[in-house]
> 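Encoded as structure tokens, here's the structure I'll be asking about.
Just so you know, ligand 1 is whichever comes first in the structure, and atom 1 is the first atom listed for that ligand.
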Amino acid sequence: MDLRFTADEIAFRDAARRFFRTAVPEAIRRKNLAGEHLDKADIVTSQRILNARGWAVPHWPRAWGGQDWSPVQLYLYQDEMQQAGVPAPLSFNTTMVGPVIAAFGSDEQKRKFLPRIANLDDWWCQGFSEPGAGSDLAGLRTRAVRDGETWVVNGQKTWTTLAQYADWIFLLVRTDPVVKKQQGISFILVDMTTPGVSVRPIITIDGAHEVNEVFFDDVVVPAGNLVGEVNKGWDYAKFLLGNERTGIARAGESKARLKRIRELAALEFAGARPLLEDPIFARRLAAVEIELKALELTQLRVVADERKYGDGKANPASSILKLKGSELQQACTELLMEVAGPWVLPRRPEGERRNEPHGGPDFADQAAPAYFNMRKVSIYAGSNEIQRNIIAKAILGF
Ligand SMILES: Cc1cc2nc3c(=O)[nH]c(=O)nc-3n(C[C@H](O)[C@H](O)[C@H](O)COP(=O)(O)OP(=O)(O)OC[C@H]3O[C@@H](n4cnc5c(N)ncnc54)[C@H](O)[C@@H]3O)c2cc1C
């Protein structure tokens with residue numbers, strides 16, 4: 001297998017590198033690379049810059065703004081975007097609900113939603129998980145009952161990321177409680193301003209407001225908001241989850257973070273010498289760098305394999321990318337904690353201002369929140385235990 005890039009691919013990579021590093025404001029990219037929370041405005045600004053160039057949704061069908069890029073181009077686009085610190089286009093919009101509407105939605109839904117999804121005119125959130133239905137998602141209980149030309153939705157979703165910003169939510173709802181559980185689920189679009197929708201924050205261990213509970217109390221939804229066919233929602237959900245391929249490893253982001261850790265470790269002292277020269281730290285850093293190189297090669301093998309897995313079918317190797325990629329994201333935050341040392345302790349809660357200086361280096365302020373926040377990556381998008389089950393079954397044949 002030849003994993004080298006062609007001259008055209010290298011030219012494409014260089015153009016992407018230039019664009020990401022010049023068009024998207026440095027302040028947003030720096031914040032993102034430092035692992036700080038981005039504001040809604042940061043994400044909207046960045047996505048609209050990409051969309052103006054036709055680069056917010058390159059993987060979509062051409063008719064709706066896609067670019068017809070090869071798997072290698074898509075890989076390079078994501079890798080360069082992550083290394084430059086450009087926030088990825090909002091995944092709920094661009095890799096989740098957008099492709100589902102483009103593939104299964106009515107013409108009216110496509111015209112109404114897709115351009116606004118690409119430009120982040122509407123912010124979408126994902127209403128799949130419920131208390132008691134996470135890994136066992138098909139056990140979900142939020143119900144939609146047909147009433148004339150509407151559906152009436154009752155129930156609760158949880159862990160809904162950034163629902164506080166959302167204009168719309170896409171939901172999996174139970175529309176047939178009698179049949180096998182996967183066969184009684186539908187996919188429906190709900191305007192967050194509809195009476196009966198309420199959002200309650202969940203504050204995570206880093207002190208941030210990133211996830212929420214969302215409640216549905218007799219929420220009346222027009223019948224035209226149901227996507228595709230009634231009771232086929234499980235198929236659409238599988239299609240949606242299969243859409244996230246190599247980007248899920250976030251290797252570009254980890255590369256940029258490791259580069260920064262190396263630079264910072266050269267400036268911080270451990271005793272009489274820079275931390276970077278401490279043999280124990282240097283060995284740990286090298287181990288993570290080697291694992292990351294291996295992950296990149298696995299990513300390239302998945303890209304080379306891409307043609308085998310068309311039509312939204314998930315390549316089981318993406319479970320390896322999720323598993324290793326999330327472990328390395330976490331390893332980067334652990335290394336940064338070591339570089340910051342005791343300066344991680346006096347950190348101020350986000351937004352709090354004080355007269356006294358912090359005392360430590362600026363980067364130390366974000367080290368602990370980023371470390372705590374990254375615990376999430378081995379839970380969401382299918383926990384790492386579930387990924388191991390998939391690898392055992394689909395790759396190792398157990
Ligand atoms: C920060 C964050 C953001 C999220 N954002 C969203 C969102 O926007 N929208 C949304 O719908 N959901 C979201 N989720 C939910 C996420 O998809 C679920 O948390 C995840 O699927 C796990 O489900 P659970 O939390 O119910 O845990 P459970 O499924 O109850 O699992 C508990 C533990 O048991 C393990 N486990 C479960 N089943 C098995 C098994 N068969 N074999 C081995 N081990 C198993 C799990 O790995 C885990 O360690 C988010 C979660 C987090 C943490």
> What are the atoms of ligand 1, with element, lying closer than 4.0 Å to any heavy atom of Val211?
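Numbered from 1, ligand 1 contributes 1 (C), 2 (C), 3 (C).
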
> Can you see whether Gln47 engages Asn119 through a side-chain donor-acceptor pair at a distance of less than 3.5 angstrom?
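No, no side-chain donor-acceptor pair sits under 3.5 Å.
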
> For atom 29 (O) of ligand 1, which protein heavy atom lies nearest, and how many Å away is it?
Ser135 OG, 2.6 Å

> Can you list the atoms of ligand 1 that are under 4.0 Å from a heavy atom of Glu385?
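What qualifies from ligand 1 is 43 (C), 44 (N), 46 (C), 47 (O), 49 (O).
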
> Looking only at protein heavy atoms, identify the closest one to atom 3 (C) of ligand 1 and say how far it is in Å.
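Going atom by atom, the protein heavy atom closest to atom 3 (C) of ligand 1 ends up being Thr161 OG1, 3.3 Å.
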
> Any ion pair linking Glu263 and Lys259 (charged N to carboxylate O, less than 4.0 Å)?
yes

> Which residue owns the protein heavy atom closest to atom 46 (C) of ligand 1, what's the atom, and how far is it?
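Atom 46 (C) of ligand 1 sits closest to the protein heavy atom Ser383 OG, 3.6 Å.
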
> How close does the nearest protein non-hydrogen atom get to atom 4 (C) of ligand 1, and which residue and atom is it?
Trp159 O, 3.2 Å

> Checking a contact table here: which protein heavy atom is nearest atom 16 (C) of ligand 1, and how many Å away?
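Its nearest protein heavy-atom neighbour is Ser129 OG, 3.7 Å.
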
> Can you list the atoms of ligand 1 that are under 4.0 Å from a heavy atom of Phe128?
11 (O)

> In ligand 1, which numbered atoms sit nearer than 4.0 Å to a non-hydrogen atom of Lys376?
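Contacts of ligand 1 toward Lys376, numbered from 1: 1 (C).
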
> More than 12 non-hydrogen atoms from neighbouring residues, nucleotides or ligands closer than 6.0 Å to NZ on Lys40, yes or no?
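Yes, enclosed.
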
> May I ask you to check whether Asn231 and Thr175 show a side-chain donor-acceptor distance below 3.5 Å?
yes

> Name the residue from Asp121, Leu120, Leu38 that meets the side chain to side chain contact (heavy atoms under 4.5 Å, CB included) definition with Val44.
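Of all the options given, the one that passes is Leu120.
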
> Does any donor atom in the side chain of Asn32 or Glu253 lie under 3.5 Å from an acceptor atom in the other side chain?
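Per modelled atom types, Asn32 and Glu253 side chains form no pair under 3.5 Å.
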
> Run Glu36 and Asp365 through side chain to side chain contact (heavy atoms under 4.5 Å, CB included) and show every step you take.
CA-CA 10 Å; Glu36 290 176 38; Asp365 220 25; over 6 Å; no

> Picking from Tyr77, Trp69, Phe5, what satisfies ring-ring contact (aromatic ring centres under 6.0 Å, His included) with Phe12?
Trp69

> Is atom 33 (C) of ligand 1 touching the protein, meaning some protein heavy atom lies under 4.0 Å away?
no

> Quick one: which ligand 1 atoms are inside 4.0 Å of a heavy atom on Asn389?
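Per the distance check, 40 (C), 41 (N), 42 (N), 43 (C).
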
> Hydrogens and angles aside, do Asn384 and Lys322 bring a side-chain donor and acceptor to less than 3.5 Å of each other?
yes

> Does some non-hydrogen atom of the protein lie less than 4.0 angstrom from atom 50 (C) of ligand 1?
yes

> Tell me the protein heavy atom at minimum distance from atom 52 (C) of ligand 1, and give that distance in Å.
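Minimum-distance protein heavy atom for atom 52 (C) of ligand 1 reads Tyr380 CB, 3.9 Å.
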
> Where is the nearest protein heavy atom to atom 21 (O) of ligand 1: which residue, which atom, and how far?
Gly134 C, 3.7 Å

> Looking at ligand 1, does any of its N/O atoms fall within less than 3.5 Å of an N/O of Ile386?
no

> For atom 19 (O) of ligand 1, which protein heavy atom lies nearest, and how many Å away is it?
Ile379 CG2, 3.6 Å

> Compare all side-chain heavy atoms of Pro195 with those of Val219 and state whether any distance is below 4.5 angstrom.
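A side-chain contact under 4.5 Å is absent here.
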
